[in-house]
Each structure stands twice: as C-alpha cells, then as structure tokens.
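A quick write-up on the structure given underneath.
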Amino acid sequence: MDSDVIILGGGLVGATLGVGLAAHGLSSIIIDPADPAVILAPGFDGRASAVASASWRMLDAIGIGAKLAEQGCEIRHIRVSDGLEPGALDFIPDADDGALGTMFENKLLRRAIHEAAKEAELVDLRMQTRAVSVERGPAGVTAQLSDGTTVRAPLLVAAEGRQSPTRDAAGIKVARWSYDHKAIISAFHHEVAHENIAFEIFYPSGPFALLPLPDDEVGHRSAIVWSVPGRDGDAMLKLSDRAFLAEAEKSMGGFLGTLSHAGPRSAYPLGFHRAATMTGERLVLVGDSAHGIHPIAGQGVNLGYRDVAALVEVLVEGKRTGMDLGDAALLQRYQQWRGLDTLMVSVATDSFNRIFGIPGKTASAIRRLGITAINHIPPLKDRFMAEARGETGQLPRLLQGVMV
C-alpha cells in the first residue's frame with residue numbers, strides 16, 4: 001500500500017486529520033482540487049471560526065497550535081439573549097478554567113493547517129489534484145488521480161464537504177432540510193471593546209451572532225454570522241457598507257457603539273444534513289461530509305474536529321494491534337463513538353433554532369423565563385458550558401490534549 005489512509009479533501013478537517021495521523025506515525029495521501037494561491041491568499045475574507053477549547057487542545061497537541069500563537073481572540077464569556085429584551089443567559093467560566101474557545105480568521109486556520117501538512121513527513125499533500133476514479137474492495141482502496149498516478153491504501157476518508165461526491169457514490173442516504181434562511185458572514189470595527197464576549201441575539205427572523213476578533217491597527221473588531229430570511233439574503237449583500245453597518249447597529253441596539261470598516265460580505269443558505277451512517281466498505285466520513293448543522297452555536301467545525309480526534313484514536317490503536325485499517329469492526333467503533341454525539345448536537349441546534357424562531361410576545365416571555373431558570377440552575381448551566389467547550393461524552397485523548 002502507498003499509505004495508511006487516502007483523504008479526499010484538504011480543508012480544515014481533512015488536513016488536520018492528516019497531521020493528526022502523522023503525529024502518531026500513520027501516513028496519508030491528501031487529495032484536494034483547490035489552488036493554494038487562492039485559499040491561502042492574504043487579506044481577511046470576512047470568515048472566522050470559533051475553535052472550542054477541546055478542539056484547541058488537539059490542535060496544540062499535534063503541532064498546529066504553535067503556528068497560531070497570538071493570532072486568535074479568546075472567548076471568555078458567551079451572552080445569549082432573546083432579542084434586545086432585558087435578561088440574558090451568561091456563560092462565564094471560573095478564572096482558572098480557561099477560555100470557552102478561541103476565534104480565528106479562517107484564512108489563518110487554513111494557512112497554519114496547510115503548513116503543518118506540508119511539513120509533516122508522513123503526509124503526501126497533493127493540491128490541484130482530483131480522484132478520477134476510486135475503487136473500494138476486500139483488498140483495499142485504489143484511486144486513479146488526475147495527475148496520472150495511482151495510489152492505494154486500506155482506508156478512504158471523505159472530507160469533501162456538504163456535497164460529498166464520495167458519500168453519494170457510496171449510496172449513503174442523507175437526511176436534509178433547508179431553513180429558508182441565509183447566513184450573512186462579515187466583520188466590522190466598533191467603538192466599544194468587546195471584552196472577549198461572544199453575543200448570540202435571537203430574533204424571530206433568525207439569530208445574530210457577534211464574535212470577538214483580535215484588535216488591529218484600526219481598533220476593536222468582531223465577526224458576525226447574521227441569519228436572515230432567504231428572500232433577504234441577496235439584498236443584504238447589495239447594501240452599501242454604510243447601510244449595512246446601520247442595519248447591524250440597529251440589530252445590536254448600539255451596545256458596541258458606532259460601527260465602521262465593514263469587511264467583505266458573503267452569504268450561504270442554511271440547512272441541516274446528516275448521513276445515515278458515517279462509514280461504508282473501507283470508507284469513513286468526517287466533517288461536513290457526515291453532518292451539517294445550523295451555525296447557531298458555532299459547533300460546525302468543532303464537530304469535524306471531534307470526528308478527527310476519534311478517528312485518529314481508533315486508527316492508531318488499530319495499527320498498534322496489527323488490524324487492517326479498513327476492517328469493518330474497526331470502523332464500527334468510530335461509527336458508534338461519533339454517531340450519538342453528532343446526533344445529539346444536531347438535534348439540539350435544530351431545536352434551539354426553531355424554539356427561538358417562534359414569533360409573538362407569549363413565546364418570547366416563555367423563552368425569557370427559560371433563560372432565567374438556566375441562569376439559576378448551576379448544573380444545567382455548567383452542562384451548556386461543557387457543550388460549548390466540546391467537553392461532553394467520552395472524549396478522545398487528543399481532545400484532552402494527550403497523544404494517543
């Protein structure tokens with residue numbers, strides 16, 4: 001075999017998997033059609049991700065964390081509110097508990113992970129390359145690549161994103177639906193410091209998430225994920241920067257003062273999908289190839305990182321005991337480990353979005369009552385914080401910051 005694993009997709013999740021495997025002595029070939037000059041281009045594109053504290057421990061353990069030092073903004077407080085009504089749910093960890101997570105510009109994450117993959121001796125990173133054909137069978141996996149080469153491994157991993165062609169070709173059914181909303185992604189500067197607080201403001205029209213970024217030469221800044229009805233998405237993109245900032249300031253109630261320097265804007269439709277199974281014959285799905293959720297709690301990429309941590313542990317232990325890495329029993333362990341967690345998070349984010357989307361004063365009053373109740377029940381509040389950190393369930397060792 002040419003490598004231990006063939007990974008289709010070299011994005012935030014696929015490339016991290018390759019680096020994680022290499023840190024434990026397993027080799028991989030990562031195949032991705034993207035042009036590095038495009039995905040690693042300098043300049044902020046408005047996209048940012050919240051890396052939960054457990055995910056960060058994994059990135060740090062496998063050597064990616066050092067490449068991101070001092071480039072993120074810690075989230076030390078999460079405030080959830082029903083519109084701008086009085087009363088909010090505040091998640092504030094103890095001083096010695098560390099941050100709930102860290103915000104990073106996606107371009108910085110991509111660059112750090114890409115560099116780590118290029119430097120890893122056991123990672124064969126092939127950008128601007130496609131798998132022309134893939135055969136999976138009892139003897140292993142064989143892929144014909146667009147560069148004319150043939151590669152082989154005992155296991156294929158699909159990390160291709162929501163529209164995974166490998167998942168579809170394997171006949172894995174997917175449950176999916178649309179929320180008829182679009183997420184407007186952008187960033188801006190603001191007059192008042194965010195003080196490392198992430199805000200999640202729920203409106204019947206959709207949630208408005210305000211996420212802290214590091215200050216720059218201009219001043220204080222934050223990223224936003226603004227969910228708007230699908231029919232309004234294109235109109236929001238066409239607004240002038242001045243009009244867009246005015247709308248954002250109105251949705252925020254002006255609590256961060258005057259907004260300025262709007263970043264690039266983009267929009268994408270919001271939907272839910274979940275593969276019926278995360279495994280097939282000599283096949284594993286990770287990240288968005290396996291599941292896609294509402295960005296309501298910023299857990300999307302973290303679910304993918306939890307997939308990575310679990311899969312690395314399963315494969316490393318399998319290799320140490322002399323098992324075939326494509327063995328069905330080995331892959332079933334991954335399925336059992338990740339299946340329940342992804343289901344629970346998916347159902348929770350979907351339910352949360354639907355509950356807060358119910359219009360009317362009565363519904364709003366009930367939500368505020370629920371927020372007040374959670375604020376006064378420490379064990380329940382701690383559970384929510386643990387979810388935000390990615391620290392619930394049976395944690396793989398990498399998410400604890402420990403090598404397998």
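In what follows, residues are counted from 1 in the order of the sequence shown.
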Is a side-chain donor-acceptor pair under 3.5 Å present for [Y] with [X]?
| X | Y | result |
| --- | --- | --- |
| D215 | H189 | no |
| H77 | N196 | no |
| S222 | H190 | yes |
| H261 | D241 | no |

Start with the C-alpha distance between V174 and R274, add both sets of side-chain angles, then the distance that settles side chain to side chain contact (heavy atoms under 4.5 Å, CB included), and finish with yes or no. CA-CA 6 Å; V174 180; R274 186 170 186 274; 5.9 Å; no

NZ/NE/NH1/NH2 to OD/OE distance under 4.0 Å, [X] and [Y]:
| X | Y | value |
| --- | --- | --- |
| R126 | D32 | no |
| E195 | R76 | no |
| D180 | R231 | no |
| E105 | R221 | yes |
| R242 | E247 | no |

Would you check if the side chain of [X] reaches a backbone N or O of [Y] as a donor-acceptor pair within less than 3.5 Å?
| X | Y | result |
| --- | --- | --- |
| Q335 | M278 | yes |
| D232 | A235 | no |
| N302 | A50 | yes |
| R282 | G137 | yes |
| E191 | G257 | no |
| N106 | S49 | yes |
| H181 | S205 | yes |
| S164 | E160 | no |
| E313 | R397 | yes |
| T342 | R338 | yes |

For A187 and L213, which heavy atoms make the closest approach, and how far apart are they? CB-CD1, 4.3 Å

Can you see which heavy atom on S289 is nearest to which on L285, and at what distance? O-CD1, 3.8 Å

Restricting to pairs with a member in residues 228-249, which pass ring pair (Phe, Tyr, Trp, His ring centres under 6.0 Å), not counting sequence neighbours? W226-F244

Ring geometry between W177 and F272 (parallel below 30°, tilted from 30 to 60°, perpendicular above 60°): parallel

Within the structure provided, determine whether [X] and [Y] are in side-chain contact (heavy-atom separation under 4.5 Å).
| X | Y | value |
| --- | --- | --- |
| V80 | D90 | no |
| H24 | V312 | yes |
| T150 | L145 | no |

What is the distance from atom [atom1] of [X] to atom [atom2] of [Y], rounded to the nearest 0.5 Å?
| X | Y | atom1 | atom2 | result |
| --- | --- | --- | --- | --- |
| R79 | L210 | CZ | CG | 12.5 Å |
| L40 | E115 | CG | CD | 8.0 Å |
| I62 | I113 | CD1 | CD1 | 8.0 Å |

Flag the pair Y305 / W56 as yes when their ring centroid distance falls below 6.0 Å, and as no otherwise. no

